[in-house]
Novice: 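One structure is given below, represented as structure tokens, and several questions about it will come after.
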Amino acid sequence: MRLFLLLASLAAAFALAVVTTQTPPPVSADAAATAFSAQRAMIDVRRLARAPHPVGSAEHEVVQAYLFQRMAALGLRPERQTGVLSPAAVRRIEARGDSAEGLSVVNLVGVSPGRRPDLPAVLLMAHYDSVPGSPGAADDAAGVAGVLEAVRAIQARGPADRDLVVLLTDGEELNLDGARAFFSEHRLRSRIGAVVNLEARGGGGRAMMFETGPGNAQTIDLFARATGSVTGGATGNALAVFVYRLMPNGTDFTVAADRGLAGVNLAFLGRPDQYHSPRSTPEALDQGSVQHIGSQALEAADGFLRAPTLPRATANAVHADVFGLIFLRHSLGFGWVLLATAAALTAFAAWGARHATGLGWREVGRGVASGLWLVASALVVAQAVRVLAGPVGRRIDTPDAYYTLLRRLPWMEAGVGLAVLAAAFALLAGRARVGRRTLAAILIGATVTASALGGLNAILIGATAVAVLLTFWPGGQDEPTWGGWLGLIVLVLIIGAVAQAVAPEAAFVFIWSGLAAALAAATAALIGARLQRRRALIPAVVATIVAGGWMLGLGHFVFLGVGMDLPGALGVIALLIVVQARPLGPVGGRACRVLAVVGAACMVLACGVSLAARWAEPAPPLGVEGPG
């Protein structure tokens with residue numbers, strides 16, 4: 001029974017994640033004038049992305065002239081702002097074999113006047129240049145078209161108090177030169193009070209709000225309220241904002257954020273094979289992504305325009321959407337309240353389990369160790385499967401290698417996901433039943449493979465040592481159900497407390513997951529602490545489907561963002577799913593053997609899928625350059 005409940009719950013969680021990460025359908029061209037229509041926006045996308053249009057190309061000038069006319073038709077009274085190329089931009093142009101002599105960036109700037117020109121204005125921004133070799137339908141023709149369609153819809157809603165400044169930047173693909181020129185030199189720069197930017201790193205998927213200005217609590221609150229009616233819901237979370245802030249990447253919005261401006265940065269990351277690729281054509285672009293990013297941009301910009309006051313930099317806020325249905329947010333300090341609540345629920349569940357089963361702290365300690373084993377083991381097998389798809393880290397030493405790996409990213413995600421699932425199944429089936437020597441051999445073999453193909457990695461070697469030691473730890477016999485469940489919850493809450501202390505914006509991933517598992521455990525203790533009847537397992541089933549499905553969806557975005565370099569991040573996601581599903585693991589007999597076999601099959605399939613990426617997306621021949 002438990003094996004069936006486990007597999008059925010995980011399948012339902014996966015289905016929930018798949019359904020809730022789909023893009024909304026594109027709205028037709030005959031929709032209300034006040035609504036965003038992807039089909040209307042696609043008219044501009046098709047015109048802008050008919051060919052590559054990097055700075056200095058003839059097509060770039062054609063696109064610039066077309067956009068100038070479109071802005072004039074919207075009554076924006078456009079002007080051209082010329083800016084110099086930075087040394088970094090010159091080097092990039094010369095690296096592709098072209099001359100930068102006489103070239104400059106040309107921003108297109110327009111204004112839709114409000115009733116109160118004395119108020120701070122709102123800036124709606126995207127870049128219109130592409131990289132060489134790519135039509136740039138996603139990056140960033142979709143963003144530019146989204147800006148134009150959003151402006152049209154805002155105007156149809158009637159005048160706002162604030163001016164709407166429209167900025168179509170140039171040279172973003174070189175060194176953000178257009179944005180630097182505007183925020184350093186343009187006369188309107190000092191009037192901007194909030195910014196909405198549209199970007200892309202791929203050709204599909206849901207659009208995520210992944211970057212904000214500093215001190216974003218008021219920005220998040222306004223964004224959540226403004227986008228509440230968006231079809232498909234708003235997408236974004238504080239983890240993405242936190243991680244992006246640590247990365248070396250930058251977009252035009254980063255220039256604005258560095259100057260202390262409030263606002264949001266939106267992008268979609270799916271269909272990574274289209275990023276800076278000849279494949280990025282209007283026909284290949286997911287129109288649902290255009291609909292999703294454009295709708296959020298429209299409502300966010302309109303919300304800023306009509307707000308009595310614009311957001312000020314205060315503290316950062318913890319925030320995340322749940323299945324695109326609701327956008328939860330709270331203060332950084334409230335995380336401690338949630339942790340205390342989860343700890344109280346865990347203590348109640350432990351009290352109930354102790355009275356019903358005689359549970360001791362030693363069993364809970366073994367459960368904590370099992371969680372550490374899962375994270376370490378998942379990191380090891382994830383890295384091994386990842387390197388089968390191609391080089392990692394410093395071995396990605398050419399643009400061709402980078403873009404080839406981006407095309408292979410969906411294969412990597414499937415392979416790494418299956419490998420991590422295999423580790424989870426080994427834990428749930430019982431490591432002693434799987435075979436401790438077998439597990440140790442797999443871990444060591446995975447480390448040798450990853451090191452041979454990807455280079456020596458101190459973190460990988462350390463994780464292998466931890467996993468192997470815990471595999472053979474004399475006190476680490478497979479723990480009983482309650483000990484395993486409560487131990488995992490305790491581990492997640494400990495990690496959550498550490499994260500809350502050092503990085504409270506990112507701690508919600510652990511705190512919310514731990515709270516869901518603690519609530520399920522406390523409810524199960526009330527229903528039947530011996531966990532012998534089906535109804536006592538219902539809380540774990542619900543938590544696995546809902547919290548597990550949410551984590552799977554979040555894990556998808558995490559892998560799109562950092563999976564190429566940090567595939568072991570899915571090991572943490574696995575922990576946060578298994579903490580919900582632990583009581584559904586079989587307790588012995590044939591069911592454990594079946595689950596162990598399923599886990600082995602997942603591992604074999606993981607290696608096959610990752611290797612297949614090399615065949616499905618081969619590297620270009622030597623001497624053939626990528627798009628940028």
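Computed over heavy atoms, backbone and side chain alike; hydrogens, waters and symmetry mates excluded. Note that this is a predicted model, so its numbers are computed, not measured.
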Novice: Write down the atom of Asp286, the atom of Gly204, and the distance for their closest heavy-atom approach.
Specialist: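 Nearest heavy atoms, Asp286 then Gly204: CB-CA, 3.7 Å.
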Novice: Looking at Val62, Val147, Val144, which hits side chain to side chain contact (heavy atoms under 4.5 Å, CB included) with Leu67?
Specialist: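 Looking at Val62, Val147, Val144, the match for Leu67 under the side chain to side chain contact (heavy atoms under 4.5 Å, CB included) is Val144.
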Novice: Run the side-chain contact (heavy atoms from CB on, under 4.5 Å) test on Val264 and Asn197 for me, step by step, so that the C-alpha distance in whole Å, both residues' side-chain angles and the decisive distance to 0.1 Å come before the verdict.
Specialist: CA-CA 7 Å; Val264 294; Asn197 187 59; over 6 Å; no
Novice: Please examine the side chains of Glu199 and Leu266, heavy atoms only from C-beta on, and report whether any two atoms are closer than 4.5 Å.
Specialist: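 No; the side chains remain at least 4.5 Å from each other.
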Novice: Mark yes or no for whether Gln274, through its side chain, and Ala138, through its backbone, hold a donor-acceptor pair below 3.5 Å.
Specialist: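 Checked: no pair found.
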Novice: Between the side chain of Glu59 and the main-chain N/O of Pro52, is any donor-acceptor distance below 3.5 Å?
Specialist: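 No: the side chain of Glu59 does not pair with the backbone of Pro52.
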Novice: Assess the residue pair Tyr66 and Asp44 against the criterion (side-chain hydrogen bond (donor to acceptor under 3.5 Å, both in side chains)); give the C-alpha distance rounded to whole Å, side-chain angles, the decisive distance to 0.1 Å, and a yes or no.
Specialist: CA-CA 9 Å; Tyr66 172 79; Asp44 287 322; 2.5 Å; yes
Novice: If you measure from CD on Gln383 to CD1 on Ile459, what distance do you get to the nearest 0.5 Å?
Specialist: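 Taking CD in Gln383 and CD1 in Ile459, the distance rounds to 9.5 Å.
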Novice: Does this structure show an ion pair linking Arg92 with Glu173, if we count only N-O contacts that are shorter than 4.0 Å?
Specialist: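 No, this pair does not count.
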Novice: Would His319 and Glu505 count as having a side-chain donor-acceptor pair, cut-off 3.5 Å?
Specialist: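 Note: His319 and Glu505 side chains miss the donor-acceptor criterion.
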Novice: Checking Asn175 side chain against Asp177 main chain: does a donor-acceptor pair fall under 3.5 Å?
Specialist: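 No, the answer is negative, given that no donor and acceptor are paired below the 3.5 Å cut-off.
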Novice: Quick check: does any side chain N or O of Ser280 sit under 3.5 Å from a backbone N or O of Ser134, one acting as donor and the other as acceptor?
Specialist: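 Flag not set: sc Ser280 to bb Ser134 has no pair under 3.5 Å.
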Novice: Apply side-chain contact (heavy atoms from CB on, under 4.5 Å) to the pair Leu6 and Leu595, showing each step before the final yes or no.
Specialist: CA-CA 10 Å; Leu6 172 66; Leu595 188 58; 3.9 Å; yes
Novice: Considering the options Asp139, Asp252, Thr251, which one meets the side-chain hydrogen bond (donor to acceptor under 3.5 Å, both in side chains) requirement together with His127?
Specialist: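 Answer after filtering Asp139, Asp252, Thr251: Asp139.
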Novice: Can you tell me how far apart CG (Leu239) and CZ (Phe557) are? Round to the nearest 0.5 Å.
Specialist: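 Leu239 CG to Phe557 CZ: 12.5 Å, rounded to 0.5 Å.
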Novice: Is the His53 to Tyr128 ring centre distance short of 6.0 Å?
Specialist: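 Distance test on ring centres: not under 6.0 Å, no.
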Novice: Verify, without hydrogens or angle tests, whether Arg386 (side chain) and Pro391 (backbone) share a donor-acceptor contact under 3.5 angstrom.
Specialist: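 It does hold such a pair.
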Novice: Only one of Val546, Thr21, Val19 passes side chain to side chain contact (heavy atoms under 4.5 Å, CB included) with Phe323; say which it is.
Specialist: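 That would be Val546; it is the only one of Val546, Thr21, Val19 passing the side chain to side chain contact (heavy atoms under 4.5 Å, CB included) with Phe323.
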Novice: Search all heavy atoms of Leu443 against all heavy atoms of Val380 and return the closest pair with its distance.
Specialist: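 What the structure gives for the nearest pair is O-CG1, 3.6 Å.
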Novice: Identify the heavy atoms of Ala49 and Gly136 that sit nearest to each other, and give their distance.
Specialist: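 Heavy atoms of Ala49 and Gly136 come nearest at CB-C, 4.2 Å.
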Novice: I want to check something: taking the side chain as every heavy atom from C-beta on, are Pro567 and Phe559 in contact at a cut-off of under 4.5 Å?
Specialist: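 Pro567 reaches Phe559 side chain to side chain.
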Novice: Just to verify, which of Val572, Val509, Val579, Val578 counts as forming a side chain to side chain contact (heavy atoms under 4.5 Å, CB included) with Val492?
Specialist: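 Looking at Val572, Val509, Val579, Val578, the match for Val492 under the side chain to side chain contact (heavy atoms under 4.5 Å, CB included) is Val579.
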Novice: CD1 of Ile396 to CE of Met564: how many Å apart, nearest 0.5 Å?
Specialist: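 Spacing of CD1 (Ile396) from CE (Met564) equals 5.5 Å.
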Novice: Compare all side-chain heavy atoms of Asp140 with those of Asp129 and state whether any distance is below 4.5 angstrom.
Specialist: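 Counting from C-beta outward, Asp140 and Asp129 never come under 4.5 Å.
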Novice: Are Thr227 and Phe327 side-chain neighbours, meaning at least one heavy-atom pair lies under 4.5 Å?
Specialist: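 Result no, sub-4.5 Å side-chain heavy-atom pair not found.
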Novice: Test Leu388 against Thr449 for side-chain contact (heavy atoms from CB on, under 4.5 Å), laying out the working first.
Specialist: CA-CA 8 Å; Leu388 294 178; Thr449 300; 4.1 Å; yes
Novice: Dump the intermediate steps for side-chain contact (heavy atoms from CB on, under 4.5 Å) on Val597 and Phe425, then the final yes or no.
Specialist: CA-CA 9 Å; Val597 171; Phe425 281 167; over 6 Å; no
Novice: Which pair of non-hydrogen atoms, one from Gln296 and one from Ala207, has the smallest distance, and what is that distance?
Specialist: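 Nearest pair, atom of Gln296 first, then Ala207: NE2-O, 3.1 Å.
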Novice: Determine whether a donor-acceptor pair (N or O, by modelled atom type, separation under 3.5 Å) exists between the side chain of Ser513 and the backbone of Phe510.
Specialist: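 Checking the backbone N and O of Phe510 against the side chain of Ser513, no donor-acceptor pair under 3.5 Å is found.
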Novice: Of all heavy-atom pairs between Ala378 and Gly571, which one has the smallest distance, and what is that distance?
Specialist: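 Minimum heavy-atom separation between Ala378 and Gly571: CB-CA, 3.6 Å.
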Novice: Is it the case that the side chain of Ser130 and the backbone of Pro135 share a donor-acceptor pair, with hydrogens and angles ignored and the cut-off at 3.5 Å?
Specialist: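 Checked: no pair found.
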Novice: Examine the side chains of Trp411 and Ser610 and answer whether a donor and an acceptor come within less than 3.5 Å of each other.
Specialist: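 No, no side-chain donor-acceptor contact under 3.5 Å.
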Novice: Examine distances only and state if a side-chain atom of Arg271 and a backbone atom of Gly202 form a donor-acceptor pair shorter than 3.5 Å.
Specialist: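 Looks like no, no N/O pair under 3.5 Å.
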Novice: Quick check: do Phe36 and Val27 have side-chain heavy atoms less than 4.5 Å from each other?
Specialist: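 They are not in side-chain contact.
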Novice: Taking only Lys NZ, Arg NE, NH1 and NH2, and the carboxylate oxygens of Asp or Glu, determine whether Arg279 and Glu617 approach each other closer than 4.0 Å.
Specialist: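 Salt bridge present between Arg279 and Glu617.
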Novice: Would you kindly say whether Thr544 and Ser9 are connected by a side-chain donor-acceptor distance under 3.5 Å?
Specialist: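 Ser9 and Thr544 do not have a side-chain donor-acceptor pair below 3.5 Å.
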Novice: Which heavy atom in Leu3 sits nearest to a heavy atom in Ala591, and how many Å separate them?
Specialist: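 So the minimum-distance heavy-atom pair works out to CD2-O, 3.8 Å.
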Novice: Are more than 12 heavy atoms, taken from residues, nucleotides or ligands other than Tyr402, located less than 6.0 Å from that residue's OH atom?
Specialist: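 Count over threshold, so yes.
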Novice: So do the side chains of Gln22 and Arg206 get within less than 4.5 Å of each other, counting heavy atoms only?
Specialist: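 In short, these two side chains do not touch, never coming nearer than 4.5 Å.
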Novice: Return the OG1 to CG distance between Thr471 and Leu439, rounded to the nearest 0.5 Å.
Specialist: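 Reported value, rounded in 0.5 Å steps: 5.5 Å.
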Novice: Is there side-chain contact between Tyr403 and Thr398, with at least one heavy-atom pair below 4.5 Å?
Specialist: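 Contact flag for Tyr403/Thr398 side chains = no.
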Novice: State, with a plain yes or no, whether a side-chain heavy atom of Thr447 is found less than 4.5 Å away from one of Asn457.
Specialist: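 Not touching, per the 4.5 Å side-chain cut-off.
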Novice: Does Glu61, at its CD atom, have more than 12 non-hydrogen atoms belonging to other residues, nucleotides or ligands within less than 6.0 Å?
Specialist: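 12 or below, so no.
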Novice: In Å and rounded to the nearest 0.5 Å, what is the CG to CG distance from Leu584 to Leu428?
Specialist: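 Between Leu584 CG and Leu428 CG, I get 8.5 Å after rounding to 0.5 Å.
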Novice: Roughly how far, to the nearest 0.5 Å, is CD of Gln64 from CG of Leu48?
Specialist: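 Answer rounded to 0.5 Å: 12.0 Å.
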Novice: Taking the side chain from Gln580 and the backbone from Ala517, do they hold a donor-acceptor pair closer than 3.5 Å?
Specialist: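 Yes.
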